[in-house]
Amino acid sequence: MPRNSLHDIAIIATHNTRQARRLEGENDMSLIMEAIRGVIAQAGIKATDIDGVNVNTPVWGLSPREASQLLGTQPRWVGNDFMGIAAVMEAAGAIATGQAEMVLVGSAQAGEYGGGGAVAPWTRPTHEFVESYGLYTAAEFAFSAQRHMHLYGTKQEALAEVAATVRNNGARHPLASCYGKDPITADDVLASRMVASPFHLLDCCLTSEGGAALLITTAERARDLDVDPIYILGAGTDRQGLSYTRAPVWDTYGAIGQRAAKRAYGQAGMGPGDIDVCEFYDPFSFEIIRQFETFGFCDLGEGGDFVMDGNIGLDGKFPIVTNGGLMSFGHAGTVQMLQKVIAAVEQLAGRVPDALKVPGAEVAMATNGGSAALFCDVMILGREQLQ
Amino acid sequence: MSTWGNTELLNKPGLPEPRPTELSKPFWEGCKQGELRVQQCQDCKGYVFTPEVACTHCLSDQLQWVSSSGKGTLYSYTVIHRPQRPEFEAPYVAVIIELSEGWHMLSNLLDCDPDNLTIGSPVQVEFVPRGEQVLPMFRLQS
């Protein structure tokens, strides 16, 4: 596979703030500033070295353009609001075409969800063909799981195994919302109250506050800095429309992300067997099963058995969501999508607690989105630059 | 049996009601007249839902509102125990329906036993008032 200009791009610094359901005394500006200062310090650069910015805060309302002004660094390049893998791809593309050399990407959220009788506001679709039926994100994703269980006999226990695995990782990450929680089993997941069948409470992601940022630059620039660069090996997007406006029909959207994964594998010259760490998007337990099938780690319909066969633990062949993910690390605003990339980078760079280290991890796959969201993006990252 | 089907519960104050757009107005007007409408392309004959300005199969602008049979099958479902907002009386059943013409829509299933639902079961549309609007919902056919 020929090299492309993405292969000369590296992520050189990452910073997560503490994540929690509520971060008392913080707002999304205090969090984003912590994350920005964190990556600048880790990379050993000056703020004025940053010449590209994609930073936002949804509650305070900071836009990327405004962020460029706040930083006072006169960036040459400003990215779009969209956060996560797509933002990293966009920044990498800007660097690859010479628009910028050192790009800051980050976001934070705090102060939006007050709890109470309704599900979190950003999970409640307002669309005219959705809202009136009492739907929300968990219910929309439940359609995919239910259909898969019907077609392939996937068991509730398989979903619970995923949820327990992910949550037990988060319980061991000091920055995670669920840090310090006692280990749980699949039975505990099955015993938690039902939210939207087949999802029990512990099959679902949490809502929380937090922030994160990362720095992207050229491989050449990275060599001049005292950093552990992690390289982009391949990436792809799969977009099939607006989230939560139409029925997430399994036959149409069930394999969403496959086109993204194929492109990412193609660029990296790799396949599923080359992936050491799976930082997959985990809004709901079933989506991990779906991704193993969609990305070719196992055949369609075999994802349930695959996750039950000891593959997904930290000592398994394909460890999943090693920081605890959306289920137990953090699920703040859109920064949670960027945190999938950060989880992959930190695992490869060894910047994780010993208890969560995947020994010898060289290649990681990060993903965003899922079946009911009608989009799924994929990025493959590596310790070694593609030659 | 689910309580979801009692007209009073389905039309409780505070429950969200659809806000028709210029594009969707014919759909909601149809519901008020007891007719489930869907757009059909007069060029490629494909069905388009949710409403669009052009055919999503061939980009033709020859879209026409036609009457659906209102019959279909249960494509997938979820029994919701944690309501979207307190005005929804849980548990209630949200569904994806595959209409006989091959298009899909989100809805609720009326008066069913949430513990004994089978994907593929035949359903029939029924119209239920909600505030100023009327919602298409579905009932299992025996």
Side-chain angles (χ1 to χ4, degrees), chain A residues 116-153 192-201 203-204 207 240-242 244-254 284 286 371-372 374, chain B residues 4 10 14-21 23-25 27-28 48-52 56 74-99 102-109 114-115 117-120 128 130-131 133-138:
Chain A
V119 296
W122 58 89
T123 71
R124 291 201 302 264
T126 56
H127 193 262
E128 58 182 320
F129 293 105
V130 179
E131 185 184 28
S132 307
Y133 298 116
L135 286 158
Y136 54 97
T137 314
E140 296 235 22
F141 276 92
F143 289 133
S144 297
Q146 197 80 56
R147 180 86 187 166
H148 196 272
M149 291 165 82
H150 168 75
L151 290 174
Y152 304 112
S192 63
R193 69 180 163 83
M194 192 63 93
V195 171
S197 70
F199 296 147
H200 292 82
L201 181 67
D203 285 303
C204 304
T207 58
Q240 299 193 26
L242 284 176
Y244 317 123
T245 61
R246 59 184 62 187
V249 176
W250 176 261
D251 297 287
T252 308
Y253 306 112
F284 302 97
F286 169 71
S371 60
L374 309 199
Chain B
W4 192 249
L10 294 175
L15 282 174
E17 64 182 271
R19 292 169 297 276
T21 64
L23 209 51
S24 67
K25 219 187 277 175
F27 178 88
W28 297 113
V48 174
F49 187 83
T50 56
E52 294 286 0
T56 53
L74 186 57
Y75 182 85
S76 193
Y77 68 92
T78 176
V79 184
I80 299 180
H81 294 262
R82 165 77 157 123
Q84 178 206 71
R85 60 187 81 194
E87 290 82 3
F88 280 100
E89 193 88 19
Y92 55 97
V93 179
V95 293
I96 298 176
I97 299 299
E98 182 169 287
L99 277 303
W103 57 287
H104 298 81
M105 72 174 295
L106 295 166
S107 188
N108 291 131
L109 202 58
D115 296 328
L117 295 173
T118 309
I119 285 176
V128 177
R130 171 73 57 84
Q133 299 295 328
V134 172
L135 297 176
M137 293 191 179
F138 290 82

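Sequence lines set the chain letters: A, B, ... in the order given, protein chains first and strands last, and positions in each chain run from 1.
A salt bridge links B:E52 with A:R246: at least one charged nitrogen is closer than 4.0 Å to a carboxylate oxygen.
Atom CZ of A:F286 sits about 6.5 Å away from atom OG of A:S371, to the nearest 0.5 Å.
For the set B:S24, B:P16, B:P136, B:G120, the count of heavy-atom pairs under 4.5 angstrom toward chain A peaks at B:P16. Between chain B and the residues A:A139, A:A142, A:A196, A:S197, the most heavy-atom pairs under 4.5 angstrom are made by A:S197. Note on B:S107, B:P20, B:A94, B:P18: by heavy-atom pairs under 4.5 Å with chain A, the leading option is B:S107.
Of the two parts of B:F88, only the side chain, counted from C-beta on, holds a non-hydrogen atom closer than 4.5 Å to a non-hydrogen atom of chain A. Contacts of B:R19 with chain A are made by both backbone and side-chain atoms, with heavy-atom separations under 4.5 Å. Both the backbone and the side chain of B:I80 come within contact range of chain A, with heavy atoms under 4.5 Å apart. For chain B, the nearby part of A:T245 is the backbone; its heavy atoms alone come within less than 4.5 Å. Interface remark: B:T118 contributes no atoms to any contact with chain A (heavy atom separation under 4.5 Å).
Across all non-hydrogen atoms, the minimal contact from A:E131 to B:Q84 is O-NE2, 3.2 Å. Here the shortest heavy-atom pairing between B:S76 and A:Q146 reads OG-CB, 3.5 Å.
Note: B:F27 and B:F49 have tilted aromatic rings, judged against thresholds of 30 and 60 degrees for the angle between ring planes.
Checking side-chain atoms of B:N108 against main-chain N and O of A:Y133 turns up a donor-acceptor pair under 3.5 Å.
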